[in-house]
Amino acid sequence: MAEITLIEGLRQGMDEELERDERVFIVGEDVGQRGGVFRATEGLYEKYGEDRIIDSPLAEDSIVGIGIGTALYGMRPICEIQFADFIYPAFNQIVSEAARMCYRSAGEWTVPMVIRVPYGGGIGGGLYHSQSVEAFFAHVPGLKVVVPSTPYDAKGLIKSSVRDPGPVIFLEPKRGYRLIRGEVPEDEEVLVPIGPARISRTGTDLSVFAYGMMHHYCLEAAERVAQEGINAEVIDLRTLKPVDRQTILASVAKTGRALIVHEDNLTGGYGAEIAAILAEEAFGDLDAPVRRLAGPDVPAMPYSHPFESWFMPDADRIAKAILELAAF
Amino acid sequence: MEAQEDLQLNLNEESLLEMYGLIVLSRRLDERTWVLHRQGKIAFHISGIGHEAAQVGAAMALRRGQDWVVPYYRDLAMMLALGLTPKEFMLGVMGKKGEPSSGARQMPSHWSIRRMNVVSHSSPVATQTPHASGIGLAIKMRGDDAIVLTSIGEGATSQGAWYEAVNWAAIHKLPVVFMVENNLYAISVRQDRQMAVEHVADKAAGLGLPGVTVDGLDALAVHRAISEAAARARAGDGPTLVEAMVQRMTPHSSDDDDRSYRPRAELEALKAQDPVRLQRDKLMDMGLLSEQAETEVQERAAAQVEEAIKFAASAPYPEVSEASYPVYAGDRADG
Ligand SMILES: Cc1ncc(C[n+]2csc(CCOP(=O)(O)OP(=O)(O)O)c2C)c(N)n1
Ligand SMILES: [Mg+2]
């Protein structure tokens, strides 16, 4: 098995889907000859040509709006938003149109499309190249929200997202694009279903829920606290909408303690939803209050290196939170 | 003169009478819907009165059922021309079960007719325009022999989404006709507070496509302009912006009271230019419509409208359980 990076997994997945289904195409800023600013689509322009790897004008609302139109006609667009921070001009098309189309037409019209969104900090991106936007979209019925954290899942989930009959917000932890490596089989098709979470480390003392880059920091923290005799279970949620309640509840039934970690700021963040599920459905299983570790409630991640470190939860802080929770 | 040309070139007598019949039907249906609202029998109506000739002229310039249409809320007459039945419209107005545009989920006049390639649209203005360009892009990618017509009010052309979508179509020479129904008002805001150009069609120059302004009270003039734009689109020569000058002869919607912003004399004056009367006079001048035929057209429309109201009034409301789906493609009641 070959070890590849997260972005390679993503590229392989898109390549295979472009190859498999001629209705699939990619549209976004600089996705053509440049291969995307992160080079997620590198080589695809050469292979599939300018009619299928389309450089859009610099206008996000139209990237999504045009994508919706093609999907209504039967195409399978993959729309790239260059940075999550620039998705807001497209919010109207995503929320008012893509998400509501099926419901508002009683199922007559559907929008099979993927919106790829590099997100997250830790890359010196300041306020407008570091944002996490999952909470906005996880709130919207009609959307699915997916966040892979490994090369295998990046490949398997992008392929499933392309095949999904509705709109999928596909959030890519961009700090992990080249940092995260993992094995992906070359001789079999990799498909990861949208929905199920993955228990990436089994444990008995408490459950840690995360996604994207934070999932890796949680694994690191779990190894550290293991040396102090705390056995943490780590769960990579992978799909935020629909969320895998069963896996979440089964884990907490076993451990009795829950820590939720995300990089997005705390208030109204995605962690609140997990906490609410646990409060409603796992009250009797809990031996300690549900704990959230998240970014601070400032407008966005500030630029300077110490600011950035202050903003982003890391293995140290996660380990500390795990120990506190285990000791409760 | 031009009308005689139309008669020879693309519209035969029968289709001219069909056109007029649709215009009359739309007006009757629309007027009766206002009455239903005043009687407290329905919650909402948004009217196309004064826009009918332009809409029917445009629809009849398409290959109906093959071409794609991405409309907006004033397009009742256009929808009737595309095959929406008065019964279906009334089901929508009353929010009754099985209403075909949305299963009674959307407000009335938020169209969708899948069988006629009429795409569902929402309430936020100009959201539909990018969809039209996207459909145009897909048609081009697939090499299909279809075009897209999308309509909008002049006020909504202030939206960024509108410029972005027209820009796309111009860059890629997409087979799209952008029709603007200019009634000079966006609720209460007049055109000169909406744009600095004299005509919406002038905006086309800045985006690199042809723009034409046409008399929207004249169905044949609109038919001609849309036919030319459609031919250009079909030939691969790209999009056209067609601005039809129409008049809004009612308040914006049943929730609006226009007395604070619209002089009564202005509204009175519009009646002299009522597009239904203008089409009738023209057909009579051409010798295609006798007094007796006119009476028959009116009576047929009135009968259809009453039948539709009776039908919809006795139709059931949807089950409340229907409201919980389909959130995702393929969702079913028990899903
Ligand atoms: C984005 C958005 N803002 C505001 C509204 C409320 N609104 C509905 S129609 C309308 C005026 C539209 O005027 P115009 O585009 O000229 O079309 P007309 O109604 O005159 O046909 C407004 C402000 C809306 N539907 N969508
Ligand atoms: Mg207007």
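Every chain is numbered from 1, with letters handed out A, B, ... down the list of sequences.
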To check you understand the geometry: which heavy-atom pair defines the closest contact between B:Trp68 and A:Leu72, and what is its length?
CH2-O, 3.8 Å
Write down the atom of A:Ile66, the atom of B:Ser133, and the distance for their closest heavy-atom approach.
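For A:Ile66 and B:Ser133, the tightest heavy-atom pair comes out as CD1-CB, 3.3 Å.
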Which answer fits A:Arg100, side chain, backbone, both or neither, if we ask what part of it has an atom under 4.5 Å from a heavy atom of chain B?
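Neither part.
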Region of A:Gln93 in contact with chain B, defined by heavy-atom distances below 4.5 Å
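When you check distances to chain B, only side chain atoms of A:Gln93 fall under 4.5 Å.
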May I ask you to test the [X]-[Y] pair for a side-chain heavy-atom distance under 4.5 Å?
X	Y	answer
B:Asn167	A:Ser62	no
B:Glu164	A:Glu60	no
B:Met141	A:Glu22	no
B:Leu137	A:Ile54	yes

Kindly check if the number of other-residue, nucleotide or ligand heavy atoms within 6.0 Å of [atom1] ([X]) is above 12?
X	atom1	value
B:Gln66	CD	yes
B:Lys140	NZ	yes
A:Tyr128	OH	no
A:Glu189	CD	yes

Under 4.5 Å from any heavy atom of chain A, what part of B:Ile171 do you find: side chain, backbone, both or neither?
side chain
Return the OG1 to CZ distance between A:Thr70 and B:Arg142, rounded to the nearest 0.5 Å.
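One finds 11.0 Å between OG1 of A:Thr70 and CZ of B:Arg142.
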What's the spacing between A:Trp109 CH2 and B:Ser101 OG if we round to 0.5 Å?
11.5 Å
Looking at [options], which has the largest count of heavy-atom pairs under 4.5 Å with chain A?
options	value
B:Gly160, B:Pro100, B:Gly134	B:Gly134
B:Gly103, B:Pro326, B:Ala138	B:Pro326
B:Ala146, B:Pro130, B:Ala104, B:Ala132	B:Pro130

Between chain B and each of [options], count heavy-atom pairs under 4.5 Å; write down the option with the most.
options	result
A:Pro165, A:Gly142, A:Ala59, A:Ser105	A:Gly142
A:Val111, A:Asp61, A:Asp51, A:Thr110	A:Asp61
A:Gly67, A:Cys102, A:Ala71	A:Cys102

Can you tell me if B:Tyr328 uses its side chain to pair, donor with acceptor, with the backbone of A:Pro141 under 3.5 Å?
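Such a contact is absent between B:Tyr328 side chain and A:Pro141 backbone.
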State whether the side chain of B:Tyr325 and the backbone N or O of A:Ala106 hold a donor-acceptor pair below 3.5 Å, judged by distance alone.
no
Knowing that exactly one of B:Ser123, B:Ser122, B:Ser112 qualifies, which makes a side chain to side chain contact (heavy atoms under 4.5 Å, CB included) with A:Arg104?
B:Ser122
